[in-house]
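What follows is a short report on a single structure.
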Amino acid sequence: MAILRMDHVGVNVEDLDGAVAFFTELGMEEAGRTPVEGPWVDRVNGIDDVRVDIVMMRTPDGHGQLELTNFRNPAAIGGDAEPPNALGLRSVMFAVDDVDDSVARLRGHGGELVGEIAQYEDAYRLCYVRGPAGVIVALAQPLG
């Protein structure tokens, strides 16, 4: 058995429209929006009476996707922002053409720089931005 492809990364968010605005500002495009509920969703999640709204966001090249999910029922739990060294999903990285401009624009949508913008050798300028629901978005600007 072999993997066919990586389809998407899912992020549960409280403010779906705010998350869409954040990732749109980064350059992603909304690829679809739909409510999802029913017995099959309950079975997949192992939770009764699931009702969610989902927005699929696509990278400009069409290869990467984020699934932004807002739980209407049952209410989402947690939400505490984990430190950068917490176990689990670390970050979602995007290559950008201008890291300074990207950070400035994302700040307008609630994005917070985790550390600072740093340069790795002569290859990249990098940073981490905490975005919707505490997800860490890594930004890398290729140099040269």
Side-chain angles (χ1 to χ4, degrees), residues 1-118 120 123-143:
M1 176 158 95
I3 291 175
L4 299 178
R5 70 175 184 268
M6 182 177 157
D7 191 70
H8 67 271
V9 173
V11 178
N12 291 339
V13 298
E14 186 173 21
D15 177 3
L16 191 57
D17 290 331
V20 168
F22 180 91
F23 288 106
T24 297
E25 188 66 48
L26 188 56
M28 297 188 84
E29 304 164 350
E30 189 172 321
R33 181 184 292 245
T34 188
V36 179
E37 58 186 65
W40 72 271
V41 179
D42 296 351
R43 289 194 306 272
V44 167
N45 285 280
I47 303 172
D48 291 332
D49 198 25
V50 172
R51 292 188 304 275
V52 298
D53 293 311
I54 293 175
V55 176
M56 294 302 293
M57 301 293 294
R58 182 177 42 232
T59 58
D61 67 0
H63 295 291
Q65 293 191 107
L66 282 178
E67 177 185 286
L68 303 174
T69 303
N70 174 260
F71 274 79
R72 288 182 280 117
N73 192 70
I77 58 172
D80 292 336
E82 296 289 340
N85 61 338
L87 297 174
L89 179 64
R90 170 70 180 107
S91 63
V92 178
M93 179 171 270
F94 296 96
V96 297
D97 60 357
D98 184 334
V99 73
D100 297 296
D101 179 62
S102 296
V103 168
R105 289 183 296 111
L106 294 177
R107 281 186 169 141
H109 294 276
E112 299 175 11
L113 200 57
V114 171
E116 58 186 67
I117 299 170
Y120 172 70
Y124 294 96
R125 293 188 68 234
L126 305 154
C127 70
Y128 294 120
V129 176
R130 192 172 309 279
V135 67
I136 295 176
V137 176
L139 303 176
Q141 176 187 339
L143 300 175

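Keep in mind that the numbers below use all heavy atoms, side chains included, and drop hydrogens, waters and symmetry copies.
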To the nearest 0.5 angstrom, please state how far the [atom1] atom of [X] sits from the [atom2] atom of [Y].
X	Y	atom1	atom2	result
Arg72	Leu16	CZ	CG	10.5 Å
Asn45	Phe71	CG	CZ	5.0 Å
Leu66	Met57	CG	CE	7.5 Å
Arg125	Leu139	CZ	CG	11.0 Å
Asp7	Gln65	CG	CD	5.5 Å
Asp100	Arg105	CG	CZ	11.5 Å

Residues in side-chain contact (heavy atoms from CB on, under 4.5 Å) with [X], at least two apart?
X	value
Asp97	none
Ile54	Val36, Val52, Met56, Glu67, Thr69
Glu29	Arg58

Work out which heavy atom in [X] is nearest to a heavy atom in [Y]; give both atom names and the distance.
X	Y	value
Ser91	Ala138	OG-CB, 4.0 Å
Ala133	Asn12	CB-O, 3.1 Å
Cys127	Glu116	CB-O, 4.0 Å
Phe94	Thr59	CE2-CG2, 4.0 Å
Phe22	Gly111	CE1-CA, 3.8 Å
Val41	Val50	CG1-CG1, 3.5 Å

- Query: For Val13 and Phe23, what are the C-alpha separation, side-chain angles and deciding distance, and is it a side-chain contact (heavy atoms from CB on, under 4.5 Å)?
  - Reply: CA-CA 12 Å; Val13 298; Phe23 288 106; over 6 Å; no

- Message: Less than 4.5 Å apart, side chain to side chain, heavy atoms only: is that true for Ile117 and Gln141?
- Response: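 No; the side chains remain at least 4.5 Å from each other.
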
- Asn70 and Val55, any side-chain heavy atoms less than 4.5 Å apart: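 No, every pair of side-chain atoms sits at 4.5 Å or beyond.
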
- Tyr124 OH: over 12 foreign heavy atoms closer than 6.0 Å: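 Not buried by this count: 12 neighbours or fewer within 6.0 Å.
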
- Message: Please determine whether the number of non-hydrogen atoms from other residues, nucleotides or ligands lying under 6.0 Å from atom CD of Glu14 exceeds 12.
- Response: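 No, CD of Glu14 has 12 or fewer neighbouring heavy atoms, counting only those of other groups under 6.0 Å.
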
- Verdict with supporting geometry, Thr24 and Glu30, side-chain contact (heavy atoms from CB on, under 4.5 Å): CA-CA 7 Å; Thr24 297; Glu30 189 172 321; 5.6 Å; no

- Task: I would like to know whether Leu126 and Met93 meet side-chain contact (heavy atoms from CB on, under 4.5 Å); could you show each step before the answer?
- Result: CA-CA 10 Å; Leu126 305 154; Met93 179 171 270; 4.2 Å; yes

- Message: Please check: side-chain N/O of Asn73 versus main-chain N/O of Asp49, any donor-acceptor pairing under 3.5 Å?
- Response: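 Yes.
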
